[in-house]
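Here the structure is laid out as structure tokens; the discussion comes afterwards.
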Amino acid sequence: MRLPSGVLIAGPVLRPLSLILRAAARSGAFDELLPDQRNEVLLLIGELEESAATAMINESAKPVPDRSVPASAPRQAMRVQEVSELLGVSEQRVRQLAPSLGGVRGPDGSWLLDRDEVLAERRKRRGAA
């Protein structure tokens, strides 16, 4: 992600940085800023979160081999742990949501969830927050 100043932020630093900044925002660390400045910071945090999510998905989403999962499995599947981290919910909650996120069970019984459905859920949750 390129910041307005032209600085490029990429790689594994995106997620921790977005988490730190979001926690700071929740604690009121930016409350002293002028409203326009605060909105800019919050927009930047949102962009960092989106970039981190995209990077995480791009690293983890791989085509699922036909021999290891049912033919109905998503082409770009995500595992429960990855979705849990991305959505900020427990793995148990992800398993509850799995059918609505295009999930299918693999041969070992674990859920494989559709990348596009997970991203749509993330966008929906961000809009509701």
Side-chain angles (χ1 to χ4, degrees):
M1 172 185 179
R2 190 168 298 279
L3 297 176
S5 64
V7 173
L8 179 66
I9 301 177
V13 72
L14 282 169
R15 180 153 171 74
L17 181 59
S18 67
L19 291 173
I20 290 166
L21 290 173
R22 181 59 67 189
R26 286 189 186 121
S27 72
F30 305 120
D31 289 351
E32 299 295 320
L33 295 174
L34 295 173
D36 287 346
Q37 293 170 327
R38 186 172 189 279
N39 287 339
E40 276 187 50
V41 169
L42 294 177
L43 285 172
L44 179 63
I45 293 170
E47 289 176 20
L48 280 169
E49 289 171 337
E50 190 66 33
S51 293
T54 300
M56 181 189 307
I57 288 169
N58 288 340
E59 288 176 18
S60 66
K62 298 174 185 159
V64 179
D66 290 340
R67 68 188 183 324
S68 65
V69 296
S72 60
R75 288 182 46 171
Q76 297 239 326
M78 296 181 70
R79 303 224 177 255
V80 169
Q81 181 181 5
E82 297 165 329
V83 176
S84 171
E85 292 172 8
L86 184 66
L87 297 180
V89 298
S90 70
E91 290 183 19
Q92 180 179 0
R93 181 66 181 139
V94 171
R95 285 188 283 277
Q96 291 170 345
L97 293 170
S100 67
L101 296 176
V104 296
R105 290 202 181 259
D108 62 355
S110 65
W111 283 101
L112 299 169
L113 298 105
D114 183 83
R115 172 185 179 264
D116 293 332
E117 294 292 330
V118 171
L119 283 177
E121 177 68 17
R122 183 173 189 279
R123 283 190 295 274
K124 183 175 97 177
R125 287 171 178 266
R126 284 186 60 206

For V41, side-chain contact (heavy atoms from CB on, under 4.5 Å) partners two or more places apart
F30, L33, I45
Contact between M78 and L112 at the side-chain level, heavy atoms closer than 4.5 Å - yes or no?
no
Quick one about R95 and Q92 (side-chain donor to acceptor, distance below 3.5 Å, no hydrogens or angles considered), yes or no?
no
For the CG atom of L34 and the CD atom of E40, what is their distance to the nearest 0.5 Å?
10.5 Å
Apply side chain to side chain contact (heavy atoms under 4.5 Å, CB included) to the pair W111 and R105, showing each step before the final yes or no.
CA-CA 5 Å; W111 283 101; R105 290 202 181 259; 3.1 Å; yes
Straight-line distance of E85 CD to R79 CZ, nearest 0.5 Å:
14.0 Å
Just wondering, do L113 and V80 contact through their side chains at under 4.5 Å, heavy atoms?
yes
Could you state the interatomic distance from CD (E82) to CD (E91), rounded to the nearest 0.5 Å?
10.5 Å
Could you tell me which residues satisfy salt bridge (charged side-chain N to carboxylate O under 4.0 Å, His left out) with D36, sequence neighbours excluded, listed by chain and number?
none
Kindly compute the distance separating CG (L97) from OG (S84), expressed to the nearest 0.5 Å.
10.5 Å
If you look at every heavy atom in R125 and L87, which pair is closest and at what distance?
CD-CD2, 4.2 Å
